[in-house]
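Because the structure is predicted, anything quoted here is derived from the model rather than measured. We number each residue from 1, following the sequence as shown. We use all heavy atoms of the structure for the numbers below, so side chains are in, but hydrogens, waters and symmetry mates are not.
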Amino acid sequence: MCGIVGIVGKSDVNVQLYDALTMLQHRGQDAAGILTCQGDKISHHKANGLVSDVFRTRHMTRLVGNIGIGHVRYPTAGSSGPALAQPFYVNSPYGIALAHNGNLTNASDVKDDLFHTDLRHVNTDSDSEVLLNVFAHELQCHGKAELSADEIFAAVAKVHKRVSGGYATVALIARYGLVAFRDPHGIRPLVFGKRETEAGTEYMVASESVSMDTLGFELIRDVAPGEAIYITVDGVLHTQQCAENPKLTPCIFEHVYFARPDSIMDGVSVYKARLRQGEKLAEKILRNRPDHDIDVVIPIPDSSRVAGQAVAQVLDVKFREGLVKNRYIGRTFIMPGQQQRKKSVRQKLNPIGLEFKGKNVLLVDDSIVRGTTCQQIIQMARDAGAAKVYFASAAPAVIHPNVYGIDMPSVKELIAHDRTTDEVCEAIGADWLIYQDLDDLIASSSEGSNNVTEFDCAVFNGHYVTPDVDQAYLDSIDAERNDAAKSSLVAADVDRGENAMAGLHNEDGGE
């Protein structure tokens, strides 16, 4: 999962891109990058780390131009290193940069085709670089120095035909403007908005609407599945549907975990969806355990707080913030390795003993993936003196890998795979465990919108919305991306990235 942003303004957009990326930091903490364009000059800076660590004043002063794109990354494919920071750039044709959120399920085949047929070299194992080169090749087939909106849309249409998977993309074409497009299923989120200034209308595209709120942009709508948006460098907006059979099937895990609660996605308030998740979860608790002895509901911060409040209200029990979060530790779900995740949980959360001692505690979390976090938190609760520790998940059991941009590729690392609820309960050390029903989760999101009739729920039910995902593919990504494979890749990725970055001449003189 990553965060992307693009802005076409009437003055320099560097600071606005920086501010937008800080609002999207929850979507990735591995690397950050900004690329801007003024006339025919492109400036960029990207590196591993948080937005606040990557950019300094000396970087920002060199990122000039009224058009730019930005990216925050977490390593979906299990790789991490400076060479994989985005946006990516190719100088032919026109000079194109691209930032991408999602995952291409046919990236390997497309990469081979790019080399043998299109004669294009892809330097990393990033599917985002594959996507960039496909888009660049289709634009190059146009074969003219001048470029129109229709020709850009034709290139996006050919991209949709060549690639498969989940992708939300912003691209910058030097001298021309900003292009944004979304996969034909709308799996990954993408919105756009505008802001009126004395100089004229400015436009912004981003993963989540919250980044627009803070910059004073008015949300226009979501980019439709398969749709492309082209905003010229002068601020003229063009839109066109570029897919043959688009169908909106957004990832429901955005509503469960990834998105900020103050975002609106496909017409759905993430906050309201999480409230309904909590209400329906509490109703299931009352059905299954009408004589429960819960004294207090404590959420596992931050993404389960809204659902936890609703659970407590429906159960008519106390709601307490019993776990204090260290906000300088990243989100443990997206830590790149199991050992790092285990270490960071203890650094991230600390219990308030008074809220646990002698009480029967219901811990509420948004979901259970690997079980690392909840297992340690349950033990924290017991160490803090809890009499009993119950656990409720606002999402159903995660039993299948995700292939569209969330780091759940290895089925063997999912604690609920091939385990019953009772077996998961025993494994995490709870006194009892309850999961949300899938129908209730879907209802929690669909009740908030007339736009969405179906969601990508593959991690819960194994139904993948693209037809190319079969068992052979799942086996291949399991072998490539499990925690053991990641551990062996990290050192190699860092070395390769440092060597690659050392050979680049950028605005910091190779710094």
When you measure from the side chain of Gln29 to the backbone N and O of Gln25, does any donor-acceptor pair fall under 3.5 Å?
yes
Do Gln436 side-chain atoms and Ala395 backbone N/O form a donor-acceptor pair below 3.5 Å?
no
Contact between Ile399 and Leu414 at the side-chain level, heavy atoms closer than 4.5 Å - yes or no?
no
Check Asn103 against Val403 and note the closest heavy-atom contact, atom names and distance.
ND2-O, 2.7 Å
Using every non-hydrogen atom in the two residues, find where Gly308 and Val297 come nearest and quote the distance to one decimal.
O-CG1, 3.6 Å
Please tell me if the side chains of Lys46 and His71 come closer than 4.5 Å, counting only heavy atoms from C-beta onward.
no
Quick one: which residue pairs count as a salt bridge (charged side-chain N to carboxylate O under 4.0 Å, His left out) with a foot in residues 222-232, not counting sequence neighbours?
Arg221-Glu227
Interatomic distance, Tyr435 atom OH to Ile368 atom CD1 [nearest 0.5 angstrom]
4.0 Å
Please confirm whether the backbone N or O of Ala136 pairs with a side-chain atom of Asn133, one donor and one acceptor, at under 3.5 Å?
no
Heavy-atom closest pair, residues Val452 and Ser446
O-CB, 4.3 Å
Asp266 vs Arg182, test: salt bridge (charged side-chain N to carboxylate O under 4.0 Å, His left out). Steps then yes/no.
CA-CA 12 Å; Asp266 298 303; Arg182 196 177 180 192; 3.1 Å; yes
Passes salt bridge (charged side-chain N to carboxylate O under 4.0 Å, His left out), Arg419 versus Glu426? Steps please.
CA-CA 10 Å; Arg419 283 191 175 103; Glu426 182 179 359; over 6 Å; no
Under the 3.5 angstrom rule, does the side chain of Gln241 hit a backbone N or O of Pro225 as a donor-acceptor pair?
yes
Tell me the closest heavy-atom pair linking Phe192 and Val223, and the distance in Å.
CD2-CG2, 3.9 Å
Can you classify the ring geometry of Phe135 versus Phe181 as parallel (below 30°), tilted (30 to 60°) or perpendicular (above 60°)?
tilted
Closest non-hydrogen atoms of Asp262 and Ser209, given as atom of the first, atom of the second and distance, are O-OG, 4.3 Å
Ignoring hydrogens and angles, state whether a donor on the side chain of His160 or Tyr167 is under 3.5 Å from an acceptor on the partner side chain.
yes
Do Thr466 and Asp183 come within less than 4.5 Å of each other through their side chains, counting heavy atoms only?
no
Quick check on salt bridge (charged side-chain N to carboxylate O under 4.0 Å, His left out): which of Arg27, Arg188, Arg260 does Glu208 satisfy it with?
Arg27
Roughly how far apart are Phe88 CZ and His100 NE2, rounded to 0.5 Å?
11.0 Å
Side chain to side chain, Leu147 and Ile152, heavy atoms closer than 4.5 Å
yes
Start with the C-alpha distance between Asp125 and Leu84, add both sets of side-chain angles, then the distance that settles side-chain contact (heavy atoms from CB on, under 4.5 Å), and finish with yes or no.
CA-CA 8 Å; Asp125 62 359; Leu84 298 175; 3.7 Å; yes
Distance-only, no hydrogens or angles: does the Asn101 side chain make a donor-acceptor pair with backbone N or O of Gly3 under 3.5 Å?
no
To the nearest 0.5 Å, atom CZ of Arg162 lies from atom CG of Asn106 at 9.5 Å
Evaluate side-chain contact (heavy atoms from CB on, under 4.5 Å) for Ile4 paired with Leu190, printing each intermediate quantity in order.
CA-CA 9 Å; Ile4 60 174; Leu190 193 63; 3.7 Å; yes
Between Glu447 and Lys272, does a side-chain contact (heavy atoms from CB on, under 4.5 Å) hold up when you go through it step by step?
CA-CA 9 Å; Glu447 287 174 14; Lys272 290 289 189 179; over 6 Å; no
Rounded distance (nearest 0.5 Å) linking atom CD1 of Ile229 with atom OH of Tyr203:
10.0 Å
Under 4.5 Å between any side-chain heavy atoms of Arg120 and Val122, yes or no?
no
Residues, nucleotides or ligands: over 12 heavy atoms within 6.0 Å of Asp470 CG:
yes
In this structure, are over 12 heavy atoms from other groups packed under 6.0 Å from Asn450 atom CG?
no
How close do Leu215 and Gln16 get, heavy atom to heavy atom, and via which atoms?
CD1-O, 3.5 Å
For salt bridge (charged side-chain N to carboxylate O under 4.0 Å, His left out), just list the numbers for Lys161 and Glu138, CA-CA rounded to whole Å, side-chain angles, deciding distance to a tenth of an Å, and then say yes or no.
CA-CA 11 Å; Lys161 291 180 179 180; Glu138 299 304 338; over 6 Å; no
Do the non-hydrogen side-chain atoms of Tyr404 and Val465 ever get within less than 4.5 Å of each other?
yes
Inter-residue atom distance Ser128.OG - Leu104.CG, 0.5 Å rounding:
7.0 Å
Please test Glu413 against Thr372 for side-chain contact (heavy atoms from CB on, under 4.5 Å), starting from the C-alpha separation and ending with a verdict.
CA-CA 10 Å; Glu413 293 163 8; Thr372 307; over 6 Å; no
Do the rings of Phe460 and Phe253 sit parallel, tilted or perpendicular, given the 30° and 60° boundaries?
tilted
With a 6.0 Å cut-off (strictly less than), is the heavy-atom count around CD of Glu244, excluding the residue itself, greater than 12?
no
If we only count heavy atoms from C-beta on, is the Lys280 to Lys284 side-chain gap below 4.5 Å?
no
More than 12 heavy atoms of other residues, nucleotides or ligands under 6.0 Å from CD of Gln313: is that the case?
no
Side-chain heavy atoms of Val51 within contact of Leu24, under 4.5 Å
no
To the nearest 0.5 Å, atom OG of Ser148 lies from atom NE2 of His142 at 6.5 Å
Hey, does the side chain of Glu279 reach the backbone of Val314 with a donor-acceptor pair shorter than 3.5 angstrom?
no
